[in-house]
Number of protein chains: 2
Amino acid sequence: MPAYPQVSTYHVAIDCIVFGFDGQQMQLLLIKRGLEPMKGKWSLMGGFVQPDESTDDAANRVLKQLTGLEGIYLEQLHSFSAPDRDPFARTISIAYTALIDIKQYQQQLTDDYQAAWFSMKEIPSLIFDHNQMVKMARQRLRYKAASHPVLFELLPQKFTLPVLQNLFEDVYETEFDKGNFSRKMLSTGLLLKQTDKDKTGSKKGAFYYKLDKKHYKKNFHQLLRIVPNAHELI
Amino acid sequence: MPAYPQVSTYHVAIDCIVFGFDGQQMQLLLIKRGLEPMKGKWSLMGGFVQPDESTDDAANRVLKQLTGLEGIYLEQLHSFSAPDRDPFARTISIAYTALIDIKQYQQQLTDDYQAAWFSMKEIPSLIFDHNQMVKMARQRLRYKAASHPVLFELLPQKFTLPVLQNLFEDVYETEFDKGNFSRKMLSTGLLLKQTDKDKTGSKKGAFYYKLDKKHYKKNFHQLLRIVPNAHELI
DNA sequence: TCAAAAGTGTTCACGTTACACCCATGA
DNA sequence: TCATGGGTGTAACGTGAACACTTTTGA
């Protein structure tokens with residue numbers, strides 16, 4: 001491979017901050033690192049970028065290895081490049097945020113990677129700058145979710161308004177008025193009411209909704225109004 | 001330098017999307033590339049990351065070389081990593097958005113780099129994926145400026161409300177009602193009215209304002225309300 | 001005194017919030 | 001029938017948009 005003369009080269013990795021939602025709380029997927037240095041410590045899922053792939057490709061590949069899922073919602077977060085972030089060798093890492101439906105995630109491969117879900121309040125000390133990555137990912141998710149309907153990526157196809165509200169409340173660490181929440185959410189035109197109900201949460205039962213993919217783009221911006229006092233939270 | 005065995009390494013570069021504002025229109029700073037391939041074509045200012053620096057460091061170094069200025073507003077935009085983006089050698093580039101006060105920019109070094117300002121409508125075809133970077137930078141700037149007072153970085157210390165309005169109008173490619181604009185802007189508490197006026201624009205003259213650095217953080221979020229119909233623009 | 005730009009005031013409509021209320025149903 | 005959570009109604013309030021109006025001053 002050609003190179004620019006007298007210009008250094010470095011390892012380039014990707015790391016994935018994988019969020020899930022169990023119906024009550026956001027969860028973070030972590031693995032036990034299988035590589036020295038720091039082998040056996042908790043870590044984000046990551047990998048090195050191959051010569052024939054972009055960092056997006058690499059993130060998708062690594063996520064498929066971990067979860068068995070394809071077409072996961074992925075978004076580049078930030079690159080981390082402190083010269084000493086990996087004490088063994090100079091490595092620049094591009095961090096990606098991934099949002100997955102926790103129920104879709106097949107546990108088949110969990111054992112291979114020793115993966116586990118952690119609630120946001122129980123996140124252990126991670127290798128390198130991974131804790132910083134997680135912190136940034138959460139912040140960015142709040143920012144993004146205030147104006148884009150990304151949080152639906154964390155839910156199954158069918159979900160109820162109370163569950164959706166739980167999700168928003170957990171992401172923004174606040175409580176919403178249920179009346180206002182449901183009215184605002186429905187007013188976006190993004191939700192299609194189903195005929196069946198989820199009766200696990202209450203006697204009356206809550207109607208299921210699906211995301212209206214047709215109107216997804218058109219009403220993209222509407223979520224700005226979902227988060228009350230968004231300016232204080234973002 | 002140690003390396004992980006059997007893991008490829010690549011060049012890592014930074015590229016800077018440098019925005020300025022001449023009082024009427026946003027401007028983009030470009031240079032004529034001094035390096036093969038594509039020597040002599042218009043390009044963003046960039047450079048390779050050195051072994052002892054982060055990409056932030058590299059961006060600051062490169063910007064100082066170009067403009068002679070330190071402490072410029074810099075923000076990481078995105079990394080670009082298509083395997084063939086640089087046809088000569090595999091290079092991952094981290095793009096940075098820089099906002100500078102065009103009047104502070106000393107033209108001393110312009111000739112060395114053959115730098116020139118271009119209005120947004122006159123941007124030529126650039127090397128590699130640089131046009132894509134510029135496009136993304138503009139989009140992100142709109143997004144960011146809707147909720148953070150970043151556009152002030154483009155103005156001199158003292159500026160008038162009409163000039164500020166021009167800036168917002170150019171960034172969002174729309175027109176604001178001057179009455180509503182000034183009321184909203186002043187209501188953030190970010191602006192300190194000066195006693196002197198700028199009389200170049202009108203007979204009456206417009207009062208100068210300065211940014212109130214004390215309240216800068218406190219009222220950070222307030223700009224959410226500055227852009228009317230922000231949801232349609234972002 | 002007029003033109004032109006800066007800046008102020010006022011109205012109306014609408015979105016948001018808070019909170020009271022009704023509904024459905026399993027135990 | 002009552003407790004519980006789902007869902008609806010509504011009045012008070014605040015904000016944003018539109019636009020008419022006043023101010024200032026050089027020509």
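- By the 4.5 Å heavy-atom criterion applied to side chains, A:H130 and A:M133 are counted as neighbours.
- Partners of A:K203 by side chain to side chain contact (heavy atoms under 4.5 Å, CB included), not counting sequence neighbours: none found.
- With sequence neighbours excluded, the residues forming a side chain to side chain contact (heavy atoms under 4.5 Å, CB included) with B:R61 are B:Q50, B:E53, B:A58, B:Q65, listed by chain and number.
- Computed from coordinates, the A:F176 CZ to C:dA18 P distance equals 12 Å when rounded to whole Å.
- Atom P of nucleotide D:dG5 and atom CD of A:E175 are separated by 13 Å, given to the nearest angstrom.
- Residues passing the salt bridge (Lys or Arg N to Asp or Glu O under 4.0 Å) test with B:E70, sequence neighbours excluded: B:K64.
- Residue pairs meeting the salt bridge (charged side-chain N to carboxylate O under 4.0 Å, His left out) criterion with at least one partner in residues 118-133 of chain A, sequence neighbours excluded, are A:R85-A:D129.
- Rounded to an integer number of Å, the gap from A:D198 CG to D:dG7 C1' is 15 Å.
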Quick one: which protein N/O atoms are closer than 3.5 Å to N/O atoms of nucleotides 8-13 of chain C? Pair and distance per line, please.
from	atom 1	to	atom 2	distance (Å)
C:dG9	O6	B:R183	NH2	2.8

Could you pull out all donor-acceptor pairs under 3.5 Å where a side-chain atom in residues 156-167 of chain A meets a protein atom, sequence neighbours excluded?
from	atom 1	to	atom 2	distance (Å)
A:K158	NZ	A:D196	OD2	2.6
A:T160	OG1	A:V163	N	3.3
A:Q165	NE2	A:E169	OE2	3.0
A:Q165	NE2	A:F176	O	2.9
A:N166	ND2	A:G23	O	3.3

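- Picking from C:dG26, C:dG7, D:dG7 the nucleotide with the shortest atom distance to the side chain of A:P162 gives D:dG7.
- Between A:L161 atom CG and C:dA24 atom P the separation is 17 Å, expressed in whole Å.
- Taking the six-membered ring wherever Trp is involved, the centroid distance between the rings of A:Y143 and B:Y143 falls below 6.0 Å.
- B:R33 is linked by a side chain to side chain contact (heavy atoms under 4.5 Å, CB included) to A:Y4, B:L35, B:P37, B:M38, B:S43, B:I127, B:F128, counting only residues two or more places apart in sequence or in another chain.
- Every pair tested for salt bridge (charged side-chain N to carboxylate O under 4.0 Å, His left out) that includes a residue from residues 92-101 of chain B fails, sequence neighbours excluded, so the list is empty.
- Atom NZ of B:K199 and atom C1' of C:dG7 are 14 Å apart (whole Å).
- For A:L164 and D:dG7, the CG to P distance is 12 Å, given to the nearest whole Å.
- For the pair B:Q165 CD and C:dA5 C1', the interatomic distance rounds to 12 Å; values are reported in whole Å.
- Residues of residues 200-210 of chain B having a heavy atom closer than 4.0 Å to DNA chain D, listed by number: B:K203, B:K204.
- Atom NZ of A:K184 and atom C1' of C:dT16 are 6 Å apart (whole Å).
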